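Per chain, numbering begins at 1; letters A, B, ... match sequence-line order. All of these numbers come straight from a predicted model, not from anything done at the bench.
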2 protein chains.
Amino acid sequence: VDPVAEIEAAFVAYSDGRVAVPPVGEMLFDDPPGEIHIKYGHIRGADDAVVKIASGFPNNAGMGLATGSGLILVMSQKTGCLKAILLDEGYLTDIRTAAAGAVAARYFAPKNVSAIGVIGSGVQARLQVKILDPDIECKTLIVWSRTPGNVDRYAFDMRKLGYNVTVASGPQEVAERSQLIITTTPSFSPLIEANWVKLGSHITAMGSDTAEKQELHPGVLAAADLVVVDSLAQAASRGEVSRAIEAGAISLSSVVELGHAIMDPAKRRTTDKQITVADLTGVAAQDIAIAAAVLRSLPNAAAHCT
Amino acid sequence: VDPVAEIEAAFVAYSDGRVAVPPVGEMLFDDPPGEIHIKYGHIRGADDAVVKIASGFPNNAGMGLATGSGLILVMSQKTGCLKAILLDEGYLTDIRTAAAGAVAARYFAPKNVSAIGVIGSGVQARLQVKILDPDIECKTLIVWSRTPGNVDRYAFDMRKLGYNVTVASGPQEVAERSQLIITTTPSFSPLIEANWVKLGSHITAMGSDTAEKQELHPGVLAAADLVVVDSLAQAASRGEVSRAIEAGAISLSSVVELGHAIMDPAKRRTTDKQITVADLTGVAAQDIAIAAAVLRSLPNAAAHCT
């Protein structure tokens, strides 16, 4: 399975209107606080329909349990037959999320990247870097995270993988020293300001996926020559773009959808001086694509289905 | 597991406002035609959250496959842990649907039932009869179905189980000769007329669960002394009650919810001369209750979850 290729195709199918994605279902719990999300959909005319169930229970951490978990069901679009239950506990979501960042970098990163900036030190801060196209040959990371212990562990782990890692003094240093910047935090207030971002940079903002979270100052999006999102429909109400629209910094009509940019070179970076921003909130098309790809890689896995 | 007791408790919890039931999710397919429904919910404060996935693909029959299938996931409300995947292929849905009819009969059937009338000859026409309370001691069935071959097979099968079965000439004969009438067809036009129903009868209409299907003439509901539904919210837009309201035969304010009638004897039949109608469209509370009960009956099944 080449997750980046699969996710790239998923964005094209999505922007092309070939993906049926009904509204997300959710169950919310108070005591202890927790949520279960149900995302489902299918690419019209394909073989599979996919249902993903993901849970988040923050208090699990205190019991030594993972706070998030999940599984994916794959069913036949032709008979309803249950082809597979992927008990991935959220791993495929991590992979498809990272792969989306790699797709954004493939189409929007400047030609020469001498340092990759990372804000955050969690799972995505690692995967996003590891999954980047081999043609982004940069092995230098400038990283910052609010929690010193976490960023030290991040630096240790990534150095073991062969990266040169500098722990920055703050997000400003990350922005100023990198050409490809990846933000992967659950921040509720902007971390990066417009005048820190150098000409030619690309920023992929992965962290904000709700109406409340925000990693980039609206001025960053206003200063960008190109703002791209995975889903225009979602961008209107969540992620960096929705916050920047709220602030009057940009309008949705100037924003490009990633799948359209993949199909149309005119919707991408045209010079190495441009600033580009990709704001990714995650679409069910990614779940559909990654689950279907895993199944295809196991030729006899669904042999019980007609 | 006593499914009737579990479903009775589910209706009480539902009418008591203790069941969280978000909107049903669905995926629809054209070629071949088919649908996948996702129903989910939880009883507030209970241990489990339940997601049921059910598929219907009518063309499966031509390939020798079941047209419907399904599975139920049970998760912890406390940690999100996946407790069990019940690969029941729709069996538990059949049981919880039949048990709902038994609950309705328990609270609304007249004291003396000398014949049970059955319209339809499918899975529910069998289960609904078999699951009835032992205190409805009647073993005489008057049955009619549109398809002669099916009704003959029904009579054969039920006679083997010890029932005296008469195949009626039409629905009128069923209505006129029975005191407890169960309709379980996918009919789109009324099968039973008001002047066929004798005083003291109870009718449970199981078949109609959409805005289009209909088994009872609106006059039947107008003539009834008491109309009960599993869900007032659903009855406004689907099932016999919605059709009768449309026709101006009854108003929703006169309809009683089954859970309320279980809690309050004043909301039940008060004499043996009254006609009562139970219109059941199915609620997710039933799925939650039956799945949780199955899990509880297997004490170590969820031992892997904290």
Side-chain angles (χ1 to χ4, degrees), chain A residues 20-42 44-71 73-82 85 87-90 284 288 305-306, chain B residues 20-42 44-71 73-82 85 87-90 284 288 305-306:
Chain A
V21 186
V24 173
E26 64 179 11
M27 289 190 271
L28 303 176
F29 308 98
D30 294 329
D31 181 27
E35 51 191 58
I36 294 175
H37 286 148
I38 305 163
K39 297 182 177 177
Y40 51 102
H42 60 96
R44 291 190 190 87
D47 291 333
D48 301 329
V50 170
V51 180
K52 179 174 97 166
I53 295 163
S55 65
F57 284 76
N59 291 8
N60 280 5
M63 295 183 277
L65 302 172
T67 54
S69 190
L71 73 160
L73 307 173
V74 184
M75 277 158 294
S76 165
Q77 269 190 41
K78 307 298 176 190
T79 64
C81 179
L82 178 67
I85 302 171
L87 291 172
D88 70 311
E89 299 189 349
I288 298 166
C305 286
T306 323
Chain B
V21 186
V24 173
E26 64 179 11
M27 289 190 272
L28 303 175
F29 308 99
D30 295 329
D31 181 27
E35 52 191 57
I36 294 174
H37 286 149
I38 304 164
K39 296 183 178 176
Y40 51 102
H42 60 96
R44 290 189 192 88
D47 291 333
D48 301 329
V50 170
V51 179
K52 179 174 95 165
I53 295 163
S55 65
F57 283 77
N59 291 8
N60 280 6
M63 295 183 276
L65 302 172
T67 54
S69 190
L71 73 159
L73 307 174
V74 184
M75 278 158 292
S76 164
Q77 270 190 40
K78 307 297 178 192
T79 64
C81 180
L82 178 67
I85 302 171
L87 291 171
D88 70 311
E89 299 188 350
I288 298 166
C305 285
T306 323

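- In this view, B:Asp48 and B:Lys83 satisfy the side chain to side chain donor-acceptor pair (under 3.5 Å) rule, not counting sequence neighbours.
- Within the model, atoms OG of A:Ser76 and CD1 of B:Ile36 stand 8.0 Å from one another, a figure rounded to the nearest 0.5 Å.
- Looking only at heavy-atom pairs under 4.5 Å with chain A, the residue among B:Ser55, B:Ala49, B:Cys81, B:Gly80 that has the most is B:Gly80.
- The minimum heavy-atom distance linking A:Ile38 with B:Tyr40 is given by the pair CD1-CG, 3.4 Å.
- Proximity to chain A is absent for every atom of B:Val21, based on heavy atoms less than 4.5 angstrom apart.
- Along residues 22-31 of chain A, the residues that come nearer than 4.5 angstrom to chain B, judged on non-hydrogen atoms, are A:Pro22, A:Gly25, A:Glu26, A:Met27, A:Leu28, A:Phe29, A:Asp31 in order of number.
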Is there a side chain to side chain contact (heavy atoms under 4.5 Å, CB included) between B:Ile53 and A:Met75 once you walk through the steps? CA-CA 10 Å; B:Ile53 295 163; A:Met75 277 158 294; 3.8 Å; yes
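- Taking A:Leu65, A:Val51, A:Leu71, A:Thr79 one by one and counting their heavy-atom pairs under 4.5 Å with chain B, the maximum is reached by A:Thr79.
- Annotation: B:Glu89, atom CD; neighbour count of heavy atoms from other residues, nucleotides and ligands within 6.0 Å does not exceed 12.
- Each salt bridge (Lys or Arg N to Asp or Glu O under 4.0 Å) pair with one or both residues in residues 51-67 of chain A, not counting sequence neighbours, appears once here: A:Lys52-A:Asp287.
- At a threshold of 4.5 Å between non-hydrogen side-chain atoms, the residues B:Ile85 and A:Leu87 count as touching.
- Residue pairs meeting the side-chain hydrogen bond (donor to acceptor under 3.5 Å, both in side chains) criterion with at least one member in residues 57-71 of chain A: none, sequence neighbours excluded.
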